[in-house]
Amino acid sequence: SAHKQVVTIYNPYSYTLKYKVLCTAPRKYHVIESEGLIKSHCRIDVVIRHKEPLEQSSIDKFQIQLFDHGSSAIRGHKQVISQVLPGKPTAPLPETPLQQLPSPENRGNFHLLLFLLFLGY
């Protein structure tokens, strides 16, 4: 079974956003739905799966870019560092408490909200 991570991208705004997921090591990962649209006040789950068995740990970077729908100018981006360890986890991962989202009325500051929901093997 492959290592995988689900990244949830939420759009708190009143307009549609376009997203794109980039990686420093694209041959090592398969990103399901690496680009697409997020409707207003909706979210999208992006599954990132490591393709090959690991002999040693691996650290790579992903960048999630956001655009206004119909534009090619980057509206915002977030870099996520991924560390994949060989083998199965020895203990269950602790649950992270949920936090309140910022108000969508605050359009002056563009935010990219990412929630790392699940780390499996």
Side-chain angles (χ1 to χ4, degrees):
S1 179
H3 293 276
K4 70 177 179 180
Q5 180 74 49
V6 176
V7 177
T8 297
I9 308 169
Y10 177 69
N11 176 6
Y13 301 104
S14 59
Y15 50 90
T16 299
L17 293 174
K18 182 171 79 171
Y19 73 92
K20 182 185 270 190
V21 179
L22 305 172
C23 180
T24 56
R27 292 186 193 128
K28 292 167 48 177
Y29 296 91
H30 176 66
V31 180
I32 299 172
E33 295 189 56
S34 62
E35 56 186 276
L37 299 175
I38 309 170
K39 294 181 181 178
S40 172
H41 303 289
C42 291
R43 65 181 172 89
I44 184 88
D45 290 337
V46 178
V47 178
I48 301 171
R49 193 176 305 272
H50 196 273
K51 289 181 181 179
E52 301 173 8
L54 290 174
E55 298 296 324
Q56 59 187 12
S57 64
S58 170
I59 297 177
D60 298 302
K61 294 179 186 175
F62 292 88
Q63 184 175 46
I64 294 96
Q65 299 176 337
L66 291 180
F67 309 83
D68 286 331
H69 180 50
S71 172
S72 62
I74 295 176
R75 176 73 190 251
H77 69 278
K78 177 72 175 180
Q79 195 171 76
V80 179
I81 296 174
S82 166
Q83 181 174 12
V84 182
L85 302 173
K88 295 182 179 181
T90 56
L93 296 172
E95 289 195 27
T96 305
L98 297 176
Q99 298 178 4
Q100 186 172 352
L101 299 174
S103 170
E105 287 82 32
N106 186 5
R107 287 184 71 181
N109 295 327
F110 184 79
H111 297 283
L112 171 62
L113 304 173
L114 296 175
F115 302 96
L116 301 180
L117 297 178
F118 178 78
L119 175 60
Y121 48 85

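This chain uses plain numbering: 1 for the first residue, then up along the sequence.
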Partners meeting side chain to side chain contact (heavy atoms under 4.5 Å, CB included) with E33 (sequence neighbours left out): Y19, I44
Rounded distance [0.5 Å steps], CD in E35 versus CG in L22: 9.0 Å
Side chain to side chain, H69 and Y15, heavy atoms closer than 4.5 Å: no
Value rounded to 0.5 Å, distance of OG in S34 from CD1 in I64: 11.5 Å
Separation of R43 CZ from N11 CG (nearest 0.5 Å): 13.0 Å
Sub-4.5 Å side-chain heavy-atom contact between I9 and I38: yes
Where at least one partner belongs to residues 58-67, residue pairs that pass salt bridge (Lys or Arg N to Asp or Glu O under 4.0 Å), sequence neighbours excluded: K28-D60
Inter-residue atom distance I32.CD1 - K4.NZ, 0.5 Å rounding: 8.5 Å
Straight-line distance of L66 CG to K78 NZ, nearest 0.5 Å: 12.0 Å
Partners meeting side chain to side chain contact (heavy atoms under 4.5 Å, CB included) with S72 (sequence neighbours left out): none
For the student: nearest non-hydrogen atoms of T16 and K39, plus distance: OG1-CA, 4.0 Å
Taking every non-hydrogen atom, the tightest pair across S40 and S14: OG-CA, 3.1 Å
Gap separating the CZ atom of R75 from the OH atom of Y13, nearest 0.5 angstrom: 7.0 Å
Check: L17 and F67 side chains under 4.5 Å, non-hydrogen atoms: no
